[in-house]
Enquirer: 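Sending over a structure as structure tokens; questions will come in a sec.
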2 protein chains.
Amino acid sequence: MTETTPNEDSEPRPAEMRAESFHAVREAHRNELAEDYVELIAELIAQFGEARPVDIAARMGVTPPTVAKVLNRLAREGLVARAKYRSVFLTPEGATLAEACLRRHEIVVRFLVRLGLDPETAEKDAEGIEHHVSERTLDLFRTFADGD
Amino acid sequence: MTETTPNEDSEPRPAEMRAESFHAVREAHRNELAEDYVELIAELIAQFGEARPVDIAARMGVTPPTVAKVLNRLAREGLVARAKYRSVFLTPEGATLAEACLRRHEIVVRFLVRLGLDPETAEKDAEGIEHHVSERTLDLFRTFADGD
DNA sequence: ATGACAAGTTAGCCACGGCTAATATAATGA
DNA sequence: TCATTATATTAGCCGTGGCTAACTTGTCAT
Ligand SMILES: [Mn+2]
Ligand SMILES: [Mn+2]
Ligand SMILES: [Mn+2]
Ligand SMILES: [Mn+2]
């Protein structure tokens, strides 16, 4: 059975289009951890004046060694500045990204709550959804959240 | 600077709650590939009577060896049945999962379209969002999609 | 029936992000 | 001060999911 145009009634999406979607998802997942980290680091700095690995670990729900490894990658990528055994800070690039992520996060949460979701679940679902929301979709979310 | 109750105006969510959210996201990501594969396999079987690795690869946007490796895992997990050099089929468990994923996928897409998104982008965003939607949220999506 | 091409598999590489155990440094308080 | 505790890092393990290259098997047309 070779792959030709199907004789079905509802046209299935072409293979390449599907592939594009999955590529986009994988791309989102590649950026996800960096986004959540810088966002969290920004919040910790705002609250405490610094971001300590131990606090990051507690909030990310992972162990300190895991945090260390990720932070090294973020440093390598220029999002984070660090000195051994010291707190973590954001580079300008990291701070910019954090700001964008924070905004997006809040829009998604407000949208879900507006839709009727309890804030707890909204926060939980948003943590995943936020990374898969295109600019267009985010605009619609924002409008809906503010709207009525 | 130790971590105590902050003197901020807006109460930040406790660390454990945040950790829970991230745990949920990681859990979703662990199931994601299996869900997308069985969903796709179900569709291919519906269209062509069988699901061939080469067609899976084209639609997932990956190479055949990658598909082979993932299929082996799915077989190990009892979602898929296969014989060497033959097409892939779903176990009852796999078929059940596929059905649920298909439904969820369609709800998310219809929701996004109803919100005002073009079908292209809706399909793309849905591919990621679907895995981060709780039962509650899915209900709200369904209602909104049908509603008005 | 068989040879050529398509499809599938295997082997082996890599980066990532979890983890534990062990070690090194910093911070605290008696 | 300095001993104890808290925090951070390193080393090393594992499973996953990408990839390419090489090989095996299946399919199809002549
Ligand atoms: Mn997130
Ligand atoms: Mn998906
Ligand atoms: Mn899907
Ligand atoms: Mn995701």
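In what follows, chains are A, B, ... by sequence order, proteins preceding strands, each numbered from 1.
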Enquirer: Taking the side chain from A/His105 and the backbone from A/Cys101, do they hold a donor-acceptor pair closer than 3.5 Å?
Expert: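 Between the backbone of A/Cys101 and the side chain of A/His105 there is no qualifying donor-acceptor contact (under 3.5 Å).
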
Enquirer: Do A/Arg104 and A/Glu35 touch side chain to side chain, with heavy atoms closer than 4.5 Å?
Expert: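 With C-beta onward as the side chain, the pair touches.
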
Enquirer: Any side-chain N or O of A/Lys84 below 4.0 angstrom from OP1/OP2 of C/dA26?
Expert: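 The answer is no; no side-chain N or O of A/Lys84 sits under 4.0 Å from OP1 or OP2.
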
Enquirer: Within a strict 4.5 Å, meaning less than it, do heavy atoms of the A/Phe22 and B/Val62 side chains meet?
Expert: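 Side-chain contact under 4.5 Å: no.
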
Enquirer: Can you check whether B/Glu27 reaches B/His23 side chain to side chain, under 4.5 Å on heavy atoms?
Expert: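 No, side chains not in contact.
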
Enquirer: Once rounded to the nearest 0.5 Å, what's the spacing between atom CD of B/Glu127 and atom NE2 of A/His132?
Expert: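 Separation between the atoms: 10.0 Å.
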
Enquirer: Just wondering, do A/Leu90 and A/Val80 contact through their side chains at under 4.5 Å, heavy atoms?
Expert: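 When only atoms from C-beta onward are counted, A/Leu90 and A/Val80 do touch, with a gap below 4.5 Å.
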
Enquirer: Could you check how far CZ of A/Phe48 sits from P of D/dT7, rounded to whole Å?
Expert: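 Taking CZ of A/Phe48 and P of D/dT7, I get 13 Å after rounding.
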
Enquirer: Provide, to the nearest angstrom, the distance between the CZ atom belonging to B/Arg86 and the P atom belonging to D/dT25.
Expert: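 The answer, rounded to whole Å, is 13 Å.
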
Enquirer: Whole Å only: how far is the CZ atom of B/Arg82 from the C1' atom of D/dT25?
Expert: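 Whole-Å distance recorded here is 14 Å.
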
Enquirer: Rounded to whole angstrom units, what separation is found between the CD atom of B/Glu50 and the C1' atom of C/dA7?
Expert: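 After rounding, the gap between these two atoms is 12 Å.
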
Enquirer: Is there side-chain contact between A/Val133 and A/Phe111, with at least one heavy-atom pair below 4.5 Å?
Expert: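 Side-chain contact under 4.5 Å: no.
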
Enquirer: How does DNA chain C look in dot-bracket form if you count Watson-Crick and G-U pairs under 3.5 Å, write [ ] for pairs that cross, and put | where a base pairs with another strand?
Expert: ||||||||||||||||||||||||||||||

Enquirer: Would you say A/Arg136's side chain and B/Leu117's backbone share a donor-acceptor pair under 3.5 angstrom?
Expert: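 Answer holds: no.
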
Enquirer: Starting from C1' on C/dA6, measure out to CZ on B/Arg52 and report it in whole angstrom.
Expert: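 Answer to the nearest Å: 9 Å.
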
Enquirer: Rounded to whole Å, how long is the line connecting atom CD of A/Glu32 with atom C1' of C/dG18?
Expert: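 Atom-to-atom, A/Glu32 to C/dG18, this comes out as 15 Å.
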
Enquirer: Which is true for B/Pro64 with a 4.0 Å heavy-atom rule: it touches a base, it touches only sugar-phosphate, or it touches nothing?
Expert: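 Touches a base.
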
Enquirer: Could you write nucleotides 12-18 of chain D as a row of B, S and -, 5' to 3', where a protein heavy atom under 4.0 Å of any base atom gives B, of only sugar-phosphate atoms gives S, and otherwise -?
Expert: BB--SBB

Enquirer: Give a yes or no on whether the backbone of B/Asp55 and the side-chain of B/Arg59 come within a donor-acceptor separation of less than 3.5 Å.
Expert: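 Side chain of B/Arg59 to backbone of B/Asp55: a pair is present.
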
Enquirer: How many Å lie between CG on A/Leu71 and P on D/dT10, as a whole number?
Expert: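 About 12 Å, once rounded to whole Å.
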
